[in-house]
There are 2 protein chains.
Amino acid sequence: MDIQELLNRGFRVKKYRKDSIVYEPGMLPKFVYFIKSGEVRMVTVSDDGKEFIQGIFKRDQYFGEPAIIVNRRYLAYTIVSKDAEIIPVGNNDFFNLIRNEPNFSTDLIQTLSNRLFYKSMMLEELANEKAEHRLLTIINYLTNDIEVGETLKITRQELADMTGLRVETVIRGVKILVDRGSIKLNRGKIIKI
Amino acid sequence: MDIQELLNRGFRVKKYRKDSIVYEPGMLPKFVYFIKSGEVRMVTVSDDGKEFIQGIFKRDQYFGEPAIIVNRRYLAYTIVSKDAEIIPVGNNDFFNLIRNEPNFSTDLIQTLSNRLFYKSMMLEELANEKAEHRLLTIINYLTNDIEVGETLKITRQELADMTGLRVETVIRGVKILVDRGSIKLNRGKIIKI
DNA sequence: CTATTAATATGATGCAGATCATAATTTAAC
DNA sequence: GTTAAATTATGATCTGCATCATATTAATAG
């Protein structure tokens, strides 16, 4: 079930500007969102305003299904990180996709399993490991889908928000990893080795 | 796809004694495990031996699918907490279930979504919240499936292993929550209010 | 090119929770 | 009922990271 197929079936694209909010905690889920272009981040926010990035979603990915499937209110915000075109697929249409498109249901199972893997990995890190270990793990994970020599387009703040650390700690941690030779930088940005 | 149905189809039950290990990190996944009786816990262990409980699985539940589905080595141990009877369903049989049993595939999607919900909740807690908040969240989550007045059959150590805290911290934290009136005890055990 | 704004950097201080030690209590085993 | 093992309890100390303050550098806008 790709974007083109959804368009063929008459689903409409909605445009979202950077920083707009697709949904927020407490809302009842009504749609699953398929991304045609742009980027969003799913974040939970603590009482004192600290963001934790639960996931980042880009072109050709979808988000928002678990809440629909288990029929519970959202726990997180989803915020547009880069201007985006998104196709909201309603509740019933979504369940029809699952029922009638074996390929989609297989893809969904794969997608959910992948996210579980990521979250299990991060839970272990946050529960048991210290700053540098957490950083190295997330960096290795993120460099998985780029080529050797390419740079990771991510800020220290984003690394902080993915690892539950603070920017200052990330900055110091990254330095330590560089000194140790665990990672390399190019003009301040982490590159895959 | 319930246990009886699997038995009818000729799948065999395997007995596991308490403390035996169903699989450990690094192993290639070959089976999905359906629990007929007993209980297992899925844990990751840090370099210095600290356990983190990724999940607890009981009668009529299954575990081990994500690794099969994404075809990656296990990240965690699964250890038998109470003598168990388990039906290992091989790789191919499992994929046949997904393909040929729409009900099973729907159930799997539900199950995966529920686990994602739990893990997202815990990630937020571990990333952003302090001891007492974490404890209250996990206690509320656990008391979801018992009746008012019933006691939670869980030790402080287990609470520690689910929240990434240390026993002493859990003991002190539980006391604080009791003082605040957030939770109640009965002979040392937490009861649902 | 210059002005803003965002990102990275660095030191000083504080504190929540880990760690260590040791004891009291409850539960299980015989 | 007695012993052993597990669980809960409590105080003292240590430490990694948060927090706060303030620069420096890099990226972006006009």
Side-chain angles (χ1 to χ4, degrees), chain A residues 18-19 41 45-53 79 81-83 125-139 151-180 183-191, chain B residues 18-19 41 45-53 79 81-83 125-139 151-180 183-191:
Chain A
K18 180 171 152 65
D19 295 330
R41 66 181 187 279
V45 181
S46 71
D47 303 332
D48 44 312
K50 197 185 166 201
E51 283 196 11
F52 176 76
I53 298 179
I79 302 174
S81 298
K82 294 178 189 159
D83 288 1
E125 292 293 326
L126 298 203
N128 282 336
E129 308 292 355
K130 333 201 159 47
E132 285 119 63
H133 194 288
R134 288 193 209 177
L135 280 171
L136 191 52
T137 298
I138 192 83
I139 289 169
T151 93
L152 253 193
K153 287 175 214 358
I154 196 167
T155 66
R156 313 281 137 119
Q157 183 62 60
E158 287 169 315
L159 286 175
D161 290 345
M162 299 179 86
T163 52
L165 301 168
R166 290 298 188 169
V167 217
E168 298 94 325
T169 307
V170 171
I171 287 168
R172 293 185 242 251
V174 165
K175 270 195 215 311
I176 292 172
L177 292 176
V178 171
D179 287 349
R180 261 190 219 149
I183 62 174
K184 282 188 96 174
L185 299 186
N186 182 313
R187 306 181 66 249
K189 292 291 172 188
I190 296 159
I191 60 175
Chain B
K18 179 170 155 63
D19 295 331
R41 66 181 187 279
V45 181
S46 71
D47 303 330
D48 44 310
K50 197 184 166 202
E51 283 196 11
F52 176 76
I53 298 179
I79 302 174
S81 297
K82 294 178 189 159
D83 287 1
E125 291 294 325
L126 298 203
N128 282 335
E129 309 291 357
K130 328 205 166 43
E132 285 118 61
H133 194 287
R134 288 193 210 177
L135 281 170
L136 191 53
T137 298
I138 192 83
I139 289 169
T151 94
L152 254 193
K153 287 175 213 1
I154 196 166
T155 66
R156 314 281 137 122
Q157 182 61 61
E158 286 169 316
L159 286 175
D161 291 344
M162 299 179 85
T163 52
L165 300 168
R166 290 296 189 169
V167 218
E168 298 93 327
T169 308
V170 171
I171 288 167
R172 294 185 243 252
V174 165
K175 271 197 213 312
I176 292 171
L177 292 176
V178 171
D179 288 348
R180 264 191 217 148
I183 62 174
K184 281 188 97 174
L185 298 187
N186 181 312
R187 307 182 65 251
K189 291 291 171 189
I190 297 159
I191 60 175

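Chain A is the first sequence line, chain B the second, and so forth, proteins listed ahead of strands; every chain is numbered from 1. The model shown is predicted, which means the values in this text are computed figures rather than measured ones.
Whole-Å rounding puts the Asp19(B) CG to dA5(D) P distance at 16 Å. Whole-Å rounding puts the Lys18(B) NZ to dA29(C) P distance at 10 Å. The distance from atom CG of Asp48(B) to atom C1' of dG16(D) is 14 Å, rounded to the nearest whole Å. Between Ile176(A) atom CD1 and dC17(D) atom C1' the separation is 11 Å, expressed in whole Å. Spacing between atom CG of Asn128(A) and atom P of dC17(D) amounts to 13 Å, rounded to whole angstrom units. The distance between atom CG of Asp161(A) and atom C1' of dA18(D), rounded to the nearest whole Å, is 14 Å. One atom, NZ of Lys82(B), and another, C1' of dA28(C), lie 15 Å apart when rounded to the nearest Å. Summarising the geometry, the separation between CZ on Arg134(B) and P on dG17(C) is reported as 7 Å, rounded to the nearest angstrom.
Note on Lys130(A): every side-chain N or O is 4.0 Å or more away from OP1 and OP2 of dT15(D). For dA7(C), neither phosphate oxygen OP1 nor OP2 lies less than 4.0 angstrom from any side-chain nitrogen or oxygen of Lys189(A). Distances shorter than 4.0 Å separate some side-chain N or O of Arg166(B) from OP1 or OP2 on dT19(C).
Between Arg41(A) and Glu158(A), none of the side-chain N atoms (NZ, or NE/NH1/NH2) sits under 4.0 Å from a carboxylate O, so this pair counts as no salt bridge.
Considering CG of Leu152(B) and CD1 of Ile191(B), their distance stands at 10.0 Å, rounded to 0.5 Å. From Asp83(B), atom CG reaches atom CG of Asp19(B) across 9.0 Å, with rounding to the nearest 0.5 Å.
Side chains of His133(B) and Leu136(B) form no contact here, defined as non-hydrogen atoms less than 4.5 Å apart.
Within residues 167-175 of chain B, the residues having any heavy atom under 4.0 Å from DNA chain D are, by residue number, Glu168(B), Ile171(B), Arg172(B), Lys175(B).
Within a 6.0 Å radius of NZ in Lys189(A), more than 12 heavy atoms belonging to other residues, nucleotides or ligands are found.
Using a distance-only test at 3.5 Å, with no hydrogens or angles considered, no donor-acceptor pair links the side chain of Lys50(B) to the main chain of Glu129(A).
The only option from Val170(A), Ile183(A), Ile190(A) that meets the side chain to side chain contact (heavy atoms under 4.5 Å, CB included) definition with Leu135(A) turns out to be Val170(A).
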